[in-house]
Number of protein chains: 2
Amino acid sequence: MSNRILLVEDDLALGQQVVDTLSQAGFDPHWVQDGDAARGLEPDDYRVIVLDLMLPGTYGMDLLKRYRVKSEVPVLILSARDDTADKIRALKLGADDYVTKPFFPEELLARIQACLRRPNLVGTERIVVGTIQVDLKRREVITTEGALSLTPVEFEILALLARRKGSAVARDALVDAALDPSHDASRRTLDVHMSRLRSKLGSDAAQLETVWGIGYRLSEGS
Amino acid sequence: MSNRILLVEDDLALGQQVVDTLSQAGFDPHWVQDGDAARGLEPDDYRVIVLDLMLPGTYGMDLLKRYRVKSEVPVLILSARDDTADKIRALKLGADDYVTKPFFPEELLARIQACLRRPNLVGTERIVVGTIQVDLKRREVITTEGALSLTPVEFEILALLARRKGSAVARDALVDAALDPSHDASRRTLDVHMSRLRSKLGSDAAQLETVWGIGYRLSEGS
DNA sequence: CCCGACGTTAAGACTCCCGTAAGGTTCGAG
DNA sequence: CTCGAACCTTACGGGAGTCTTAACGTCGGG
């Protein structure tokens, strides 16, 4: 497949800079300066779409919404201000990343490559991590030893680890995701759940590593 | 994207000269004459900061320290005297280059451009330095001999060296980044961690050089 | 009311990490 | 070359972080 990237950006200097950087990296950037012009394009013709929010003509948010209806293409948002509300809105609409101006073109490049590397897990209902399969919709986990019955807390822990598969996940994040916040959860509580989870996972527990001083990581047994 | 450069310089003639040179080269210099005024600025708003050490109000050294806490922005030091002690102190605090007055504006321009050529690594999740790969998200380091398990302190040290790859990183900066501040860390403690890190890196440890009197540098084995 | 399922707490064992001390080595100035 | 400062390495003990087991409390269904 082609390495086409759609860039929607009205700033001429910045646009040229980004186009140059992407070209040098082996991509094939298509640059559109005007929001209205971008409306007619087919999102699926591109591997990634880089979208400035502040545009003449059609608004960036509208473009994002429009693309999302038709396609799963990764969309990376550029924005002038570091506005948290905008950021949250964009991510809720399905944006994959958010870069605040000013930025170095190399940073944008790195993020684009990150988008391409990461399989998109948003909206996925079944995550496969090595020999472990987590079905988020059916709330079911299947390992080499068959389906196992997990408690709600155990499932939430494993689901978060699976969604972030490969990355270290902080203990706090797991506690937030899985444990009842009305309790002053003792920091040791998580240990117990991890322990039980491991024993249920059986031999597949090898994929669940402790990241010392940080938390845990679920990864493919390479 | 903006080409903003912050210039902190009290000498009016010199400052004007530098501003002119930078403007002609396509940069957008912001000139502040007073150290106290420079304290409130956000270092991340600029691509490079050029800092005179001898200032009215806040000392240049203090500004450097303050910026380094918040940001990875390249800082270039100007100094009246060719004082080796000052130079070493500045480099220890994380300055990226050091220019002695008097100088030709073209020389300063060349050094600034050299700083910019170095790719910015903020926001990147995986840094590659020669045969060493540091994955900040997974908290994992991969060398020619496979993945190695580092302790939190060792990882922080290597991560900082990787972010500043190619540059000498001061011992103090590494201590700040990696060691528990509640301990009055003995000056020799870092040595021990570096030693352990090197032994874990195995043959790849060749890329980790000692910069005598300053700190350490992680570079590609070219 | 009893019982099972589940989350939580407590306590001890265990692993692993970090700082320190001590002695050896390398560097660079004079 | 000599000397002192900076750096490297090793070994060790205290302590933090983690694992496991064994209870206790709660809730809901039979």
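Chain letters run A, B, ... following the sequence lines, proteins first and then strands; every chain starts at 1.
- If you take CG of B:L197 and C1' of C:dC18, they are 14 Å apart, rounded to a whole angstrom.
- Of the candidates C:dG19, D:dC8, D:dT18, C:dG19 carries the atom nearest the B:L179 side chain, counting heavy atoms from C-beta on.
- The separation between B:R198 atom CZ and D:dC7 atom P is 11 Å, rounded to whole Å.
- Scanning residues 140-158 of chain A for heavy-atom distances under 4.0 Å to DNA chain C yields A:T151, A:P152, A:V153.
- The main-chain N or O of B:V128 is found under 3.5 Å from a side-chain atom of B:K165 such that the two form a donor-acceptor pair.
- One interatomic measurement links the two molecules: CG of B:L190 to P of D:dC7, which rounds to 9 Å at whole-angstrom precision.
- Rounded to the nearest 0.5 angstrom, B:F155 CZ and B:D135 CG are separated by 7.0 Å.
- The backbone N or O of B:L78 lies less than 3.5 Å from no partner atom in the side chain of B:K101, so there is not a single donor-acceptor pair.
- Distance, A:L174 CG to C:dG7 P: 15 Å, rounded to whole Å.
- Contact annotation for B:H193: backbone-only contact, meaning every heavy-atom pair under 4.0 Å involves sugar-phosphate atoms and none involves a base.
- Shown here are the ring pair (Phe, Tyr, Trp, His ring centres under 6.0 Å) partners of B:H193, two or more places apart in sequence or in another chain: there are none.
- Between B:R187 and D:dA6, a side-chain N or O to OP1/OP2 separation shorter than 4.0 Å is absent.
- In this structure, the side-chain hydrogen bond (donor to acceptor under 3.5 Å, both in side chains) partners of A:R139, at least two apart in sequence or on a different chain, are A:E156.
- Looking at B:Q24, its side chain never comes within 3.5 Å of a backbone N or O of B:T21 through a donor-acceptor pair.
- Of the possible polar contacts, none joining the A:S195 side chain to the A:D191 backbone as a donor-acceptor pair under 3.5 Å is found.
- Side-chain nitrogen and oxygen atoms of B:R188 include none within less than 4.0 Å of the OP1 or OP2 phosphate oxygen of C:dG19.
- At least one donor-acceptor pair closer than 3.5 Å links the side chain of B:R198 to the backbone N or O of B:L208.
- Near DNA chain D, meaning a heavy atom under 4.0 Å from it, residues 208-217 of chain B has B:T210, B:W212, B:G213, B:Y216 in order of number.
- The two atoms that bring A:S167 and A:R217 nearest to each other are O-CG, 3.5 Å, heavy atoms only.
- By the side-chain contact (heavy atoms from CB on, under 4.5 Å) test, B:A177 pairs with B:L160, sequence neighbours left out.
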Output a table of nitrogen or oxygen pairs between the protein and nucleotides 10-12 of chain D separated by less than 3.5 Å.
none

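- Per the geometry, CG belonging to A:D191 stands 16 Å off P belonging to C:dA11, to the nearest Å.
- Remark: B:F104 CZ is loosely packed, at most 12 non-hydrogen atoms of other residues, nucleotides or ligands lying under 6.0 Å away.
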